[in-house]
Structure formats: structure tokens, C-alpha cells
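This report refers to the structure that appears directly beneath it.
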Amino acid sequence: MASRAGPRATGTDGSDFRHREKVASHYQMSVTLKSEIKKLIIAHLVIWTLLTLQVIVSQLKLVSHDLIAMPYQWEYPYLLSIIPSVFGFVSFPRNNISYLVLSMISAGLFSIAPIIYGSMEMFPMAQQLYRHGKAYRFIFGFSAVSVMYLVLVIAVQVHGWQIYYSKKLLDSWFTSTQEKKKK
């Protein structure tokens with residue numbers, strides 16, 4: 001196959017790819033994990049926005065409490081869960097290990113801890129709904145306990161995967177750092 005400048009030089013038929021340099025695996029892993037964590041941060045932002053809207057609407061009394069229930073106590077500290085996502089997002093451009101570690105630690109404090117507290121806070125109401133079929137709080141006609149437990153299940157998965165991928169990313173960055181120090 002000829003190029004615009006004339007015939008192709010000999011030995012450049014594409015069969016010499018085995019001798020070319022390859023991107024190191026930890027760099028490929030870093031790009032993949034950053035992408036996955038960004039997707040999880042977006043999912044977290046959706047959950048966080050919905051809970052923030054519920055808190056704002058109920059506190060400002062924009063609609064009746066029959067339509068949107070008052071927030072549970074766990075929802076207020078969960079609003080701080082935006083902090084780990086910000087730290088995680090800030091750590092990406094320069095592979096900042098410190099911010100990623102802060103993100104992982106604060107995810108446990110501001111995300112997982114309120115979720116555990118929320119599951120314990122709502123358990124008696126869920127038990128009452130299950131045993132007697134009675135619900136006293138509603139969100140758009142659905143039992144608030146059922147809706148919020150669904151939110152909790154999704155949030156646990158999002159934060160769990162976010163911490164898991166962050167740990168793998170941290171290991172990848174440590175590998176990269178150690179190789180640079182050896183040279």
C-alpha cells in the first residue's frame with residue numbers, strides 16, 4: 001500500500017509491532033480505575049442530590065409532609081458525604097495519593113457511618129411496616145421506609161465499590177511511585 005509521498009519504506013509493513021514500547025500495566029489500570037471511580041462519583045452525586053432536595057423541600061415546607069416525608073436523622077450527616085467524593089475527584093489529575101487516602105478515610109466516616117446509623121434508625125419502622133402493614137411517612141405515596149432502604153442499599157453498593165476501586169488505584173499509584181524511585 002502506497003502513501004501520498006510514494007511507496008512505503010521496506011520493513012514498515014506493520015509486522016514490527018512486537019518490538020514497540022507498550023504502556024505499563026499500572027498506567028492502564030490507573031486510567032481504568034479513575035474512569036470507574038468517576039462513574040461511581042456521578043452515581044453518588046445523584047443520590048446526594050435527591051437527599052439534599054428532600055431535606056431542603058421539607059425544611060422550607062415547600063410541599064406538604066404528606067407528599068414528601070420529613071428526613072430521618074441519618075440524612076443530615078449523610079449530606080457531608082460529598083466531601084469524600086470531592087477529595088477523590090481532586091486526587092485524579094496529578095495522582096495525589098494524600099487526597100485519595102483522605103477520600104477513603106472520610107468515605108467511611110461521612111458515608112458508611114451514616115448509612116449504618118440510618119439502617120438502625122429505620123429498622124423499627126420497617127419492622128412495623130412488615131408486621132402490621134402500617135406506614136406513617138410517605139414519599140410520593142410510597143412508604144418512606146421502603147424508599148429510604150432502597151436508597152441505602154444503592155448507597156452501600158456505590159460507596160463500597162468506590163472504596164474498593166480507590167484502594168486498587170492507590171496500590172497502582174504506589175507501584176508506579178516505587179518503580180520511579182528504583183530508577
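Source: prediction; values computed, not measured.
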Report task. Among Ile, Leu, Val, Met, Phe, Trp and Tyr joined by side-chain contacts under 4.5 Å, find the other residues sharing a cluster with I163 and list them by chain and number. Result ->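 ILVMFWY cluster around I163 also holds I112, I116, M120.
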**Report entry** Members sharing V46's hydrophobic cluster (side chains within less than 4.5 Å)
**Finding:** L50
Query raised in the report: V101: what forms a side-chain contact (heavy atoms from CB on, under 4.5 Å) with it, not counting sequence neighbours?
Result: I97, I105, L170
Please find the pair of heavy atoms, one from [X] and one from [Y], that lie closest to each other, and give the distance.
| X | Y | value |
| --- | --- | --- |
| L152 | G118 | CD1-C, 4.0 Å |
| L129 | S143 | CD2-OG, 3.3 Å |
| N96 | S98 | OD1-N, 3.0 Å |
| V158 | A43 | CG2-CB, 4.0 Å |

**Report entry** Worked check of ring-ring contact (aromatic ring centres under 6.0 Å, His included) between H159 and F110
**Finding:** CA-CA 10 Å; H159 294 299; F110 298 129; over 10 Å; no
Report task. Kindly confirm or rule out a cation-pi arrangement of R94 over Y99, judged by NZ or CZ under 6.0 Å from the six-membered ring centre and within 45° of its axis? Result ->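 Relative to the ring axis of Y99, which defines the angle, R94 lies outside at least one limit.
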Query raised in the report: Does CZ belonging to F138 count more than 12 external heavy atoms closer than 6.0 Å?
Result: yes
**Report entry** Enclosure of Y149 OH (heavy-atom neighbours >12, cutoff 6.0 Å)
**Finding:** yes
Query raised in the report: Mind checking what makes side chain to side chain donor-acceptor pair (under 3.5 Å) contact with S30, not counting sequence neighbours?
Result: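 Residues passing side chain to side chain donor-acceptor pair (under 3.5 Å) with S30: W173.
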Query - Those residues that, when tested against Y76, pass side chain to side chain donor-acceptor pair (under 3.5 Å) (two or more places apart) - result: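 Checked Y76 against side chain to side chain donor-acceptor pair (under 3.5 Å); matches are Q59.
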[X] side chain to [Y] backbone, donor-acceptor under 3.5 Å:
| X | Y | value |
| --- | --- | --- |
| E121 | Q73 | yes |
| T52 | W48 | yes |
| Q54 | A69 | yes |

Requested in this report: List in chain and number order the residues that pass salt bridge (Lys or Arg N to Asp or Glu O under 4.0 Å) with K38, two or more places apart in sequence or in another chain; answer none if no residue qualifies.
Outcome: none
Report task. Examine the side chains of S58 and H65 and answer whether a donor and an acceptor come within less than 3.5 Å of each other. Result ->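 Checked: S58/H65 side chains show no N/O donor-acceptor pair below 3.5 Å.
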